[in-house]
Amino acid sequence: MAAMAALQLSMSSLSLSKSFLGQSLSPTLYPCQLKRWERKDCKPNSLPVLHKMHVKVGDTVKVISGRDKGKIGEITRIFKHNSTVVIKDINLKTKHMKSREEGQPGQIVKIEAPVHSSNVMLYSKEKQVASRVGHKILEDGTRVRYLLKTGEVIDSSEQWKRVVKDRTKNESSS
């Protein structure tokens, strides 16, 4: 026991933590860091930055660039942290699903992948033209979005109620 205490005392007298030039000999442990292109921009409180977008769920849009250029669809989902949107029946990708249970075969499923919001433009079904979006305040004080080319008002209470009703119907059927 005394020999063990003497050995510990002699080891503590040797300073192995510092090298000759004062540099640390022990390797510094850095946490695993994400690459710059994998990181999300964050605010000082570490929450992701949510970008403002010119489109909302339920808007009819036309794809203006990419593989599906010229196709028209309705927005079903929005991701604000990376400014992407999912459009119904556009940008379909093939996903190979493994079987979940014994005896059940795997399957190939088509899913809708997100498209960047800068690659879509609001579309008027009545005039069949794509247009940029503008904002104006109506006489009753409500702030609405409208199409610059046609002057057609996009935001209306009836349309928003229809979108909410469709969304609840889809969730209840799932």
Side-chain angles (χ1 to χ4, degrees), residues 34-35 37-174:
L34 294 173
K35 302 284 186 222
W37 57 86
E38 294 173 334
R39 266 187 256 143
K40 291 179 184 167
D41 295 331
C42 291
K43 296 186 251 179
N45 60 358
S46 300
L47 293 174
V49 175
L50 300 178
H51 304 286
K52 285 195 96 163
M53 301 202 326
H54 65 286
V55 290
K56 292 183 180 178
V57 174
D59 286 347
T60 303
V61 293
K62 182 176 186 178
V63 180
I64 59 172
S65 70
R67 187 185 55 168
D68 294 322
K69 180 177 180 177
K71 291 185 180 177
I72 298 163
E74 187 175 325
I75 292 182
T76 57
R77 201 159 168 212
I78 287 182
F79 301 103
K80 287 190 173 187
H81 67 275
N82 58 0
S83 297
T84 56
V85 295
V86 175
I87 307 168
K88 187 175 182 179
D89 297 329
I90 292 184
N91 198 20
L92 294 175
K93 303 290 182 189
T94 305
K95 183 172 176 130
H96 297 264
M97 303 285 285
K98 260 182 142 175
S99 61
R100 293 194 177 260
E101 299 173 5
E102 282 292 322
Q104 182 183 9
Q107 53 186 335
I108 298 173
V109 180
K110 296 273 188 181
I111 62 165
E112 299 153 346
V115 178
H116 198 270
S117 64
S118 66
N119 295 337
V120 297
M121 207 171 198
L122 285 167
Y123 186 77
S124 171
K125 289 181 185 175
E126 298 168 3
K127 305 262 171 95
Q128 301 190 344
V129 64
S131 173
R132 293 198 317 252
V133 66
H135 299 272
K136 67 180 174 182
I137 298 174
L138 298 177
E139 293 81 28
D140 61 350
T142 58
R143 188 169 182 258
V144 295
R145 298 178 304 144
Y146 72 100
L147 298 178
L148 289 175
K149 280 187 183 174
T150 63
E152 177 185 338
V153 174
I154 302 164
D155 294 332
S156 63
S157 58
E158 298 86 29
Q159 182 182 6
W160 183 247
K161 287 176 186 173
R162 181 185 56 86
V163 168
V164 170
K165 186 167 53 170
D166 290 344
R167 189 184 307 158
T168 55
K169 184 171 54 172
N170 289 340
E171 288 174 0
S172 63
S173 66
S174 297

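What you see is a predicted model; the values in this text were computed from it and never measured.
Here the closest non-hydrogen pair linking Gln128 and Lys125 is CG-O, 3.3 Å. Annotation for Val120 and His54: closest pair O-NE2, 3.3 Å, computed over non-hydrogen atoms. Looking at every heavy atom in both residues, Leu148 comes nearest to Ser131 through N-OG, 3.1 Å. Between Tyr146 and His135, the shortest heavy-atom distance links the atoms CE2-N, 3.7 Å. Contact record, Glu112 with Ile90: CB-O, 4.1 Å, taken as the closest heavy-atom pair. Residues Ser65 and Asn119 come closest through the heavy atom pair OG-OD1, 2.9 Å.
The structure places NZ of Lys149 at 11.0 Å from OH of Tyr123, a figure rounded to the nearest 0.5 Å. Distance check: Leu50 CG to His81 NE2 gives 9.0 Å after rounding to the nearest 0.5 Å. Note that CD of Gln104 and CD of Glu102 are 10.5 Å apart. Values are rounded to the nearest 0.5 Å. To the nearest 0.5 Å, atom CG of residue Asp89 and atom CD of residue Glu74 are 10.5 Å apart. Ile78 CD1 to Ile87 CD1: the interatomic distance, rounded to the nearest 0.5 Å, is 10.0 Å. Atom OG1 of Thr60 and atom CD1 of Ile72 lie 9.0 Å apart (nearest 0.5 Å).
In this structure a side-chain-to-backbone donor-acceptor pair under 3.5 Å is missing from Ser83 to Ser117.
Within a 6.0 Å radius of CZ in Arg143, other residues, nucleotides and ligands contribute 12 heavy atoms or fewer. No more than 12 heavy atoms of other residues, nucleotides or ligands sit less than 6.0 Å from atom CD of Glu126.
Screening Lys62, Glu152, Arg145 for a side chain to side chain contact (heavy atoms under 4.5 Å, CB included) with Leu122, the sole residue that qualifies is Arg145.
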(message) Please evaluate residues Lys110 and Thr94 with respect to the criterion side-chain contact (heavy atoms from CB on, under 4.5 Å), reporting the C-alpha separation (whole Å), side-chain torsions for both, the decisive distance (0.1 Å), and the verdict.
(response) CA-CA 5 Å; Lys110 296 273 188 181; Thr94 305; 3.4 Å; yes

(request) Could you check Lys93 against Lys95 for side-chain contact (heavy atoms from CB on, under 4.5 Å), going step by step and ending with a plain yes or no? (result) CA-CA 6 Å; Lys93 303 290 182 189; Lys95 183 172 176 130; over 6 Å; no

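In this structure, the side chains of Lys56 and Asp155 come closer than 4.5 Å at one or more pairs of heavy atoms. Side-chain contact between Met53 and Val85 is present, with heavy atoms from C-beta onward closer than 4.5 Å.
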